[in-house]
Amino acid sequence: MSDAERDAGNRKIKAGFLLLVAVSPPLIALQWNPTPLELLAAVGVGLLLGLLLVWYLGRLADEFTGGGRQPGRRR
């Protein structure tokens, strides 16, 4: 697998995970018949939580893989 393919796959995984986390709070809020403002707030909170979680998991993954990439080294 080339670095470009790996990077593209990682971006897709991050985007999918972000979408999953970002959509959850608005869907939960829909159970209580929210106002449009409350629904918008739920979307914002979901995006914020998703971004924070993707960032944290990325940092955690870097620790397990030895930090950044080293030139000439294949994973």
Side-chain angles (χ1 to χ4, degrees):
M1 180 182 292
S2 71
D3 286 343
E5 290 172 332
R6 183 178 296 117
D7 291 341
N10 284 338
R11 279 192 300 274
K12 288 178 184 177
I13 290 171
K14 287 178 182 179
F17 195 71
L18 176 63
L19 181 65
L20 177 69
V21 174
V23 169
S24 295
L27 289 176
I28 293 170
L30 284 174
Q31 294 179 2
W32 290 285
N33 196 18
T35 66
L37 184 60
E38 291 170 338
L39 195 56
L40 186 61
V43 169
V45 168
L47 280 173
L48 180 63
L49 287 174
L51 287 171
L52 286 173
L53 199 52
V54 167
W55 172 79
Y56 173 73
L57 291 176
R59 302 246 324 165
L60 190 62
D62 282 344
E63 288 182 23
F64 284 108
T65 59
R69 292 195 178 144
Q70 297 173 357
R73 180 179 169 207
R74 292 191 58 96
R75 287 193 233 168

Residue list, side chain to side chain contact (heavy atoms under 4.5 Å, CB included) with [X], at least two apart or on another chain:
| X | value |
| --- | --- |
| L20 | none |
| R11 | D7, A8 |
| L30 | L27, P34, L39 |

Can [Y] be reached from [X] by stepping across I, L, V, M, F, W or Y side chains whose heavy atoms are under 4.5 Å apart?
| X | Y | value |
| --- | --- | --- |
| F17 | Y56 | yes |
| L57 | I13 | no |
| L49 | L60 | yes |

| query | Do you know the tightest heavy-atom contact between G50 and L18? | reply | C-CD1, 3.3 Å
| query | What heavy-atom pair brings A29 and A42 nearest, and what distance separates the two atoms? | reply | CB-CB, 4.2 Å
| query | Is D3 salt-bridged to R6, going by a charged N under 4.0 Å from an acidic O? | reply | yes
| query | Taking V21 as the fixed residue, which of L51, L53, L48 is the one that meets the side chain to side chain contact (heavy atoms under 4.5 Å, CB included) rule? | reply | L53
